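When a ligand or atom number is given, it counts from 1 through the structure's own listing order. This is a predicted model, so every value here is computed, not measured.
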Amino acid sequence: MNLMLLGAPGAGKGTQAAKLVETYHLAHISTGDILRAAVAAGTPLGMTAKSYMDKGELVPDLVVIGLVKARLQEPDTAAGFILDGFPRTVAQADALDKELEALGKQLDAVISVEVDRSALIDRLTARRTCKACGAIYNVLAQPETASGVCPACGGELFQRDDDTVETVTNRLAVYERSTAPLIDYYSKKGLLRRVDGNRSVEDVFAQIREIVESAAR
Ligand code: AP5
Ligand code: MG
C-alpha cells in the first residue's frame, strides 16, 4: 500500500502518519523530518535547507526530489510507504510520477486532510515534539506536556523553529500558492480521498482507515 498525505501545515499529517506506521507497518517518508535531521546534523544540505525553512519557504524542488528518489530506493519501502509533506509543488508531483513509473510502483490513494485555517495556527503554535522518539503533542490538548517531558518515553520536548506565528503565516500562504493546486492534480488522476481533519485524532484516523481498507480490496 503506497499512500500520500496531503494537507496544510498543521493539518495532522505527521500525527496520522505515525498511526498508519503503527497499524500497517508502512515506511514513513517525511521530507520535513529528513530536512530537520540534516539541519540538526549540520550537513551542507541542512545548512542550505535551514535558510528556507526558517522563513517558511520551500526548499528548492531539485533538492527535495533528489532526497525522495534516494529514499524510495531503500528496502523498507518495498512493503509500502506513506509520503508526508512531499510533493509540495506540481514540479515535485511530476517528478514523483516519473520516479514511481521507473520503479514499477504506483500510489493507491492520496489522502487530503482538510482543516479550517483558524485551527491550523492554533495547532502549530501549540505543537511540541519529542527529541528522542519523535512523538507529536498539542500542549493545549495535552497539558501534561507543558513540563517539557515526553509522556511516552521521558525524552525532551521541543518547539519547532518554524512554529512562530510569523513563520506559520508564511507557510500557510506558501501552501495555498504552491501546494493546494495538488488537490486538483490528484483529483484529476482519480486518486484523491478527502477527510475532515477538524475532528479528533481518533476520528480522523477512523476516516483514513476506511480509505486504506477500501483501497486494499
Ligand atoms: P513539514 O515538516 O512537512 O511541515 P508542514 O507541511 O508545514 O506540516 P507540519 O509538520 O507543520 O504539520 P503536520 O500536518 O505534520 O501536523 P502535525 O501532525 O505535526 O515541512 C517543514 C518545512 O520543510 C517546510 O516549510 C519547507 O521549508 C521544508 N520542506 C518540507 N518538505 C518539503 C518539500 N517537499 N519541498 C520543499 N520544502 C519542503 O500536527 C500539528 C499539531 O496539531 C500538533 O500539535 C498535533 O498534536 C496537533 N494535531 C494533529 N491532529 C490533530 C487533531 N485531529 N486535533 C487536534 N490537534 C491535532
Ligand atoms: Mg509534519
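Neither the backbone nor the side chain of Asp163 comes within contact range of ligand 1; no heavy atom lies under 4.0 Å.
Which parts of ligand 1 touch Gly14 is read off a 4.0 Å heavy-atom cut-off, strictly below it: atoms 13 (P), 15 (O), 18 (O). The distance from ligand 1 to the heavy atoms of Arg36 drops below 4.0 Å at these ligand atoms: 2 (O), 21 (C). Per-residue contacts place Arg160 under 4.0 angstrom from the following atoms of ligand 1 (heavy atoms of the residue considered): 1 (P), 2 (O), 4 (O), 9 (P), 10 (O), 11 (O), 21 (C).
Using a non-hydrogen distance threshold of 4.0 Å, Ala141 does not register as a contact of ligand 1. Between Gln16 and ligand 1 there is no heavy-atom distance shorter than 4.0 Å. Ser200 counts as a contact of ligand 1, since one of its heavy atoms falls under 4.0 Å from the ligand. For the pair Ala8 and ligand 1, a heavy-atom separation below 4.0 Å is found.
A single hydrophobic cluster is seen to contain both Ile65 and Val110, as judged by linkage of ILVMFWY side chains at heavy-atom distances under 4.5 Å, directly or through other members.
Looking at ligand 1, you'll find an N or O of Gly12 within less than 3.5 Å of one of its N or O atoms. For ligand 1, none of its N or O atoms has an N or O atom of Pro87 under 3.5 Å away. Taking only nitrogen or oxygen atoms, main chain and side chain alike, Val204 does not reach within less than 3.5 Å of ligand 1.
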Show your working on side chain to side chain contact (heavy atoms under 4.5 Å, CB included) between Arg123 and Leu140 and close with a plain yes or no.
CA-CA 9 Å; Arg123 284 186 188 184; Leu140 298 178; over 6 Å; no

Step by step, would you call Lys19 with Glu202 a salt bridge (charged side-chain N to carboxylate O under 4.0 Å, His left out)?
CA-CA 9 Å; Lys19 297 183 79 65; Glu202 292 308 326; 3.0 Å; yes

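Scanning all protein heavy atoms for the shortest distance to atom 3 (O) of ligand 1 gives Arg88 NH1, 3.1 Å. In terms of protein heavy atoms, atom 13 (P) of ligand 1 is closest to Lys13 N, 3.5 Å. Remark: minimum distance from atom 18 (O) of ligand 1 to any protein heavy atom is reached at Thr15 OG1, 2.6 Å. Nearest protein neighbour of atom 53 (N) of ligand 1, counting heavy atoms only, is Arg199 O, 2.9 Å. For atom 23 (O) of ligand 1, the closest heavy atom belonging to the protein is Met53 CE, 3.4 Å.
Here Met53 contributes atom CE and Thr167 contributes atom OG1; the two are 11.5 Å apart, rounded to the nearest 0.5 Å.
Counted by atom type alone, Asn170 and Tyr175 present zero donor-acceptor pairs between their side chains at under 3.5 Å.
The option from Tyr52, Tyr175, Phe205, Tyr137 that lies nearest to atom 46 (O) of ligand 1, judged by heavy atoms, is Tyr137.
Across Leu96, Leu6, Leu5, a single residue satisfies side-chain contact (heavy atoms from CB on, under 4.5 Å) together with Leu83, and that is Leu96.
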